[in-house]
Amino acid sequence: MRQFSFNDFLFILAATRWTVALSLLAFVLGGLLGGVIAILRISRFAPVRLAAAGYVQLFQGTPLLMQLFLTYYGLSLFGLRLDAWTAVTIAYTVYAAAFLGDIWRGCIQAIPKEQWEGSRALALGYLHQLFLVIMPQAVRIAIPPTVGFLVQLVKATAVASIIGFVELTRAGQLMTNATFQPMTVYPIVAGLYFALCWPLSIWAQHLEKRLRVENAIGRRA
């Protein structure tokens, strides 16, 4: 056991980059898959809608911790051994896709049906209606909750430490084991999470107010 030093602080600070990297990777890959899920959720074909809804219910209805365990340990039972990086990337991607897909599905369905009818009157096909008329409006609605979810995703990366992935929380655990000074280490860890999440929360609130004002101006015009 030794005293907590500046080098220990630098070790924790350096681990922040893996928290940021995992958050961004899960957000981008989960966003791509979530976009597909959102479109499938509003498909005209009931089996497709049900399959997409089942995916969302499955990954929203089970703890992220279980998804991590099943990805890291469960797949090894079938001979597929994944390193920690690959396992957390897969688990967080499918987790983010379920939530982003549902958020974006709600935003698309929030667009008034008159917009669909108006674009149909212009002889636009379904895909043209969706991508040229509906999606540009839905994206404006989706930005604040999407940024809000990114904040949740950053905080959720703490769970990745359970399979040994060294991110911010895991680095704090290692320094606590070495120094036995949790009341020094964990306030620093909490402060770094706050430094990551607080600007995103402020940005989400700013976007929400700005888009609300712009929508109100648009309705008066």
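Just the heavy atoms: all of them, side chains too, but no hydrogens, waters or symmetry mates, feed the values below.
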- prompt: Under 4.5 Å between side-chain heavy atoms, hopping through other hydrophobics if needed: is there a path connecting Met66 to Tyr72?
  reply: yes
query: Are any of the side-chain heavy atoms of Val88 and Val159 separated by less than 4.5 Å?
result: no
message: For a 4.5 angstrom cut-off between non-hydrogen side-chain atoms, does Trp104 reach Thr146?
response: yes
message: Taking CZ in Arg81 as the centre, count heavy atoms belonging to other residues, nucleotides or ligands within less than 6.0 Å. Is the count above 12?
response: no
- prompt: Roughly how far apart are Thr169 OG1 and Lys155 NZ, rounded to 0.5 Å?
  reply: 12.5 Å
Salt bridge (Lys or Arg N to Asp or Glu O under 4.0 Å): pairs with one or both residues in residues 29-47, sequence neighbours excluded: Arg41-Asp102
message: For a 4.5 angstrom cut-off between non-hydrogen side-chain atoms, does Thr89 reach Thr86?
response: no
- request: Indicate yes or no for a side-chain donor-acceptor contact from Glu167 to the backbone of Ala15 under 3.5 Å, with no hydrogens or angles considered.
  value: no
field: Minimum-distance pair of heavy atoms, taken over all atoms of Ala204 and Gly148
entry: CB-N, 4.2 Å
message: Quick one, Leu29 and Tyr92 - any side-chain contact, counting heavy atoms below 4.5 Å?
response: no
Considering all heavy atoms, the nearest Arg170-Ser161 contact: CB-CB, 3.7 Å
- prompt: When you measure from the side chain of Thr19 to the backbone N and O of Leu168, does any donor-acceptor pair fall under 3.5 Å?
  reply: yes
- prompt: Do any N or O atoms from the side chain of Gln129 and from the backbone of Ser119 form a donor-acceptor pair under 3.5 angstrom?
  reply: no
statement: Nearest heavy-atom approach of Phe59 to Ala98 is CB-CB, 3.7 Å
message: I'd like to know whether Arg105 forms a side-chain contact (heavy atoms from CB on, under 4.5 Å) with Ile37, so could you lay out the CA-CA distance, the side-chain angles of the two residues, the decisive distance to 0.1 Å, and finally the verdict.
response: CA-CA 8 Å; Arg105 185 269 310 162; Ile37 295 295; over 6 Å; no
Val20 and Leu196: CA distance, side-chain angles, deciding distance, side-chain contact (heavy atoms from CB on, under 4.5 Å) verdict: CA-CA 8 Å; Val20 173; Leu196 291 174; 3.8 Å; yes
- prompt: When clusters are formed by joining ILVMFWY residues with side-chain heavy atoms under 4.5 Å apart, either directly or through shared neighbours, do Leu77 and Leu82 land in the same one?
  reply: no
query: Quick one: OG on Ser201 to NE2 on His206, what's the gap to the nearest 0.5 Å?
result: 14.0 Å
- prompt: Which atom pair, heavy atoms only, marks the closest approach of Ile141 to Pro145?
  reply: O-CD, 3.3 Å
query: When the aromatic ring centroids of Phe165 and Trp85 are compared, is their separation below 6.0 Å?
result: yes
- prompt: If you group Ile, Leu, Val, Met, Phe, Trp and Tyr by side-chain heavy-atom gaps below 4.5 Å, do Val48 and Tyr55 land in one group?
  reply: no
task: State yes or no: are the ring centers of Phe99 and Phe149 separated by less than 6.0 Å?
output: yes
- request: Decide whether Leu174 and Phe9 are clustered together by the hydrophobic rule: side chain heavy atoms of Ile, Leu, Val, Met, Phe, Trp, Tyr closer than 4.5 Å, transitively.
  value: yes
- request: Output, in order, the C-alpha distance, side-chain angles, deciding distance and verdict of side chain to side chain donor-acceptor pair (under 3.5 Å) for Thr176 and Gln181.
  value: CA-CA 6 Å; Thr176 298; Gln181 292 179 282; over 6 Å; no
- line: Here the gap from Ile188 atom CD1 to Leu13 atom CG, rounded to the nearest 0.5 Å, amounts to 10.0 Å
statement: Rounding to 0.5 Å, atoms CD1 (Ile163) and CG (Leu65) come to a distance of 10.0 Å
message: Would the distance check show the side chain of Arg17 and the main-chain N or O of Ala14 forming a donor-acceptor pair, the cut-off being under 3.5 Å?
response: yes
message: Consider ring pair (Phe, Tyr, Trp, His ring centres under 6.0 Å). Of Phe45, Phe131, Trp116, which one does Tyr126 pass it with?
response: Trp116
message: Between Arg49 and Leu40, is there a side-chain heavy-atom distance shorter than 4.5 Å?
response: no
query: Between Gly30 and Ala96, which heavy-atom pair has the shortest distance, and what is it?
result: CA-CB, 4.1 Å
- prompt: Do Thr179 and Val185 come close enough that some side-chain heavy atom pair is under 4.5 Å?
  reply: yes
message: Distance check, rounded to the nearest 0.5 Å: Leu153 atom CG versus Leu24 atom CG?
response: 9.0 Å
statement: In terms of heavy-atom contacts, Ala91 and Leu64 come closest through O-CD1, 4.3 Å
message: Could you see if Ile202 belongs to whatever hydrophobic cluster contains Val154? Use Ile, Leu, Val, Met, Phe, Trp, Tyr and a side-chain cutoff under 4.5 Å.
response: no
message: Could you measure the distance from the CZ atom of Phe27 to the OG atom of Ser23? Nearest 0.5 Å is fine.
response: 10.5 Å
message: side chain to side chain donor-acceptor pair (under 3.5 Å) for Thr16 and Tyr193? Distances and angles first, verdict last.
response: CA-CA 9 Å; Thr16 306; Tyr193 274 115; over 6 Å; no
